[in-house]
Protein chains: 2
Amino acid sequence: MTTKPFHPPSRLLMGPGPSDVSPRVLQALASPMLGHLDPEFLRLMDAIQFQLRQVFQTENMLTLALPGTGSSGMEACVVNLLEPGDKVIVGVAGYFGERLAEVATRAGAKVVRIEAPWGEIVPEAAVIEAIRTESPAVVAMVHAETSTGVWQPVDRIALAARAAGALTVLDAVTSLGTIEVPVDEWGIDAAYSCSQKGLACPPGLSPVTFSERAVVAMAARRTPVSSVYLDMQKLARYWGPERVYHHTAPCSLFYALYEGLSIVLEEGLAARFARHRAHHAQLVTGLEHLGLRLLAPPAHQLPTLHAVRIPDGVDDLAVRRALLNDHGIEIGGGLGPLKGKIWRVGLMGEGSNTNHVLLLLAALRSVLDRLS
Amino acid sequence: MTTKPFHPPSRLLMGPGPSDVSPRVLQALASPMLGHLDPEFLRLMDAIQFQLRQVFQTENMLTLALPGTGSSGMEACVVNLLEPGDKVIVGVAGYFGERLAEVATRAGAKVVRIEAPWGEIVPEAAVIEAIRTESPAVVAMVHAETSTGVWQPVDRIALAARAAGALTVLDAVTSLGTIEVPVDEWGIDAAYSCSQKGLACPPGLSPVTFSERAVVAMAARRTPVSSVYLDMQKLARYWGPERVYHHTAPCSLFYALYEGLSIVLEEGLAARFARHRAHHAQLVTGLEHLGLRLLAPPAHQLPTLHAVRIPDGVDDLAVRRALLNDHGIEIGGGLGPLKGKIWRVGLMGEGSNTNHVLLLLAALRSVLDRLS
């Protein structure tokens, strides 16, 4: 029996991720396997930790890449820092805030939701007030809500949490590598991200970082972490000098992550953030010319991901299908209550460039003209 | 800042995995990214399910690849099939049996351990007797114990479990693709494996399969699964016709898995198993000539992984270091109580070939001569 080889069609990835990756990263992926305890591979892991600390702007020792997608990072932060009965404040204004609340509920935590409509920020004042009145163990916020394109301010919340003795967890899945995520400066105790958006690597790894306060809290747990796979104390012993076996590291993805992070650091964080802002501005101007409006208020719009309101009478699926089939351009649809109401346009990592913006705008105009 | 590119050194991977992969698989890895909801990618997922069913010898609808290593598959099977207070029988005669027991304990299950010394099989009669007396909800066995090289008989245990109304979970991490794992014929209700051993793909994915009985049991749960990331009901909705978002599939690893499974099925399972048996026999004869003995009794020795007793007075690390540095050959060390007492030699997937065996034997002879 012979199976047909799979050759992915040519695509411009302008949805919520994965984003396009550099040929350097693709080439790294194709390097031969290495044993996960090979001295050369251990050196690569050390180098990745060094790189991730720079990207997270932290000196946290416990900074590494989990063997799973960004969702595994969310779960790792929640299940390691919360014990059954602990109180957690979760900011919910989109799909990923909802998911944080669900993961915390399953961990047996008492979840206090501070909500806002999808497309708005969670009001900082309400979260800070809840920190005062609820005395939570953990405060968990989504920095860049991938379902709405909203850029959530979190620095004052983290400050209030620290003052109240609570740990702050930050979902940086769609922010890391595209906007500032200064973990140490803000006093974030645990942050997680993914490999396939702002870092422009293939999906499958979740960079995470934990502060010393978080490490102390995990060491003082009264109950074991429900997950062995995501148990940070076991993962710390694997990534630390003892190298105690925990799982078989996905070496190919690590090669790619190292190369992708090298590209990020060669560009420099400040230049990378400026590039994301510039192409965001270009996109917004172009969308305005097409008469299209964004869901998020301008003051809280991410430069990374844009939720574009679908005009009345326009068929969501027909437009996305035409973009994909006629132009090879992928944009995302809406999740949950926003299904059919928005498109999601990502400008992430390698994908945040002027030609992507120009081509998308031109193709969108052409498709909308044809379908109207 | 410019970072040094990483070029993995040339290695013959003859440890417990990852194993060597075909250049076809490496090439597939380097294909460009695709969105996880791209129609072409969804077709690839369907094709992978079709391939995995053949490899697991099952018609189970719920057969897919989890976005994590083999350890995530173990955790998925345990946390989805067990609820707090449920009784589970676990066969423990090595590191991975121990881990199964630990994962089940953390899931809140009442764990009944049926044990044997590391290097022996768990006595089938003792497990079958315990099934009668304990009436467990689940019986969990390690088919191929990666820490000892022992091939555990499980067919009669699965039969007894089914007769008693218990679900059988099988750890097929080191067996799938190298020896028979006839899931339907044996009446296994959940099995998990990894991508980087017998399937000769890069690490990072965990093929799993669940029987209809298991699906019914999961639907009838009284409590939610502790893990959202590994919640099989959510994963089933993502892999099913609805394609409800759950995580971003690691597309590069999927390209590689598809290509690797194509190679497995082109060879054919029967031929592949025969090849593993033949090179196993060649290795065993060669080891005997070197005066080296295996830990496992011959009747229960896997053809995939060999625990070789380190002779008295021979320095474990010095030998492995010389093999790696002078010959580019990786073999594994012992885990837990077998640390320093055994080497682990894998003949898995692409790596089960006569030249690997000949070279390892020659290099081992040379190193032992030099170091003695």
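Within every chain, numbering begins at 1; the chains are lettered A, B, ... in the order of the sequence lines, protein sequences first and strands thereafter.
- Neither the backbone nor the side chain of B/Ser10 has a heavy atom closer than 4.5 Å to any heavy atom of chain A.
- Put simply, the side chain of A/Tyr229 does not reach to within 4.5 Å of the side chain of B/Val103, judged on heavy atoms.
- Here the CG-OG distance, from B/Leu66 to A/Ser72, works out to 12.0 Å after rounding to the nearest 0.5 Å.
- Side-chain contact between B/Met33 and A/Asp20 is absent, with no heavy atoms from C-beta onward closer than 4.5 Å.
- Your options are A/Leu44, A/Val78, A/Val25, A/Thr105, and the one with the most heavy-atom pairs under 4.5 Å with chain B is A/Leu44.
- A/Tyr255 places no side-chain N or O within 3.5 Å of a backbone atom of B/Pro8 that could act as its donor or acceptor partner.
- Heavy atoms of A/Asp231 lying under 4.5 Å from chain B belong exclusively to its side chain.
- A distance of 14.0 Å separates CE in A/Met74 from NE2 in B/His247, rounded to the nearest 0.5 Å.
- Contact annotation for A/Thr223: neither backbone nor side-chain heavy atoms come within less than 4.5 Å of a heavy atom of chain B.
- Of the two parts of B/Lys234, only the side chain, counted from C-beta on, holds a non-hydrogen atom closer than 4.5 Å to a non-hydrogen atom of chain A.
- Between atom CG of residue A/Leu26 and atom OG of residue B/Ser31 there is a gap of 8.0 Å, rounded to the nearest 0.5 Å.
- In this structure, the portions of A/Val225 lying under 4.5 Å from any heavy atom of chain B include both its backbone and its side chain.
- Your options are A/Ala28, A/Pro32, A/Pro224, A/Ala107, and the one with the most heavy-atom pairs under 4.5 Å with chain B is A/Pro32.
- With a 4.5 angstrom heavy-atom cutoff, A/Leu34 touches chain B via backbone and side-chain atoms both.
- With chain A as the partner, the residue from B/Gly333, B/Pro202, B/Gly70 showing the most heavy-atom pairs under 4.5 Å is B/Pro202.
- A 4.5 Å side-chain heavy-atom check between A/Glu330 and B/Leu37 finds every atom pair outside the cut-off.
- For A/Tyr258, the part lying under 4.5 angstrom from a heavy atom of chain B is the side chain only.
- Within the model, atoms CG of B/Leu13 and CG of A/Asp38 stand 8.0 Å from one another, a figure rounded to the nearest 0.5 Å.
- Among B/Ser227, B/Gly17, B/Gly204, B/Ser195, the residue with the largest count of heavy-atom pairs under 4.5 Å with chain A is B/Ser227.
- For the options A/Arg11, A/His36, A/Arg43, heavy-atom pairs under 4.5 Å to chain B are most numerous at A/Arg11.
- Heavy atoms closer than 4.5 Å to chain B are found in the side chain of A/Glu75, but not in its backbone.
- In terms of heavy-atom pairs under 4.5 angstrom with chain A, the leader among B/Pro67, B/Gly68, B/Gly35, B/Ser252 is B/Gly35.
- Contact annotation: the side chain of A/Ser226 never approaches that of B/Arg106 to less than 4.5 Å [non-hydrogen atoms, C-beta and beyond].
- By number of non-hydrogen pairs under 4.5 angstrom with chain B, the leading residue of A/Gly268, A/Pro16, A/Ala30 is A/Ala30.
- Between B/Ala249 and A/Pro203, the shortest heavy-atom contact is O-CG, 3.3 Å.
- Heavy atoms of A/Arg99 lying under 4.5 Å from chain B belong exclusively to its side chain.
- Within the 4.5 Å cutoff, the side chain of B/Pro18 has heavy atoms near those of the A/Thr248 side chain.
- Ranking A/His7, A/Glu259, A/Gln196 against chain B, the residue ahead of the rest is A/Gln196, based on heavy-atom pairs under 4.5 Å.
- For the set B/Val244, B/Leu253, B/Val79, the entry with the most heavy-atom pairs within less than 4.5 Å of chain A is B/Leu253.
- In this structure, the separation between CZ on A/Phe6 and CZ on B/Phe254 is 11.5 Å, given to the nearest 0.5 Å.
- Of the two parts of A/His246, the backbone and the side chain both hold a non-hydrogen atom closer than 4.5 Å to a non-hydrogen atom of chain B.
- Rounding to the nearest 0.5 angstrom, the gap separating the OH atom in A/Tyr245 from the OG atom in B/Ser147 is 10.0 Å.
- The local environment of CD in A/Gln27 is sparse, with at most 12 non-hydrogen atoms from other residues, nucleotides or ligands closer than 6.0 Å.
- For chain B, the nearby part of A/Leu335 is the side chain; its heavy atoms alone come within less than 4.5 Å.
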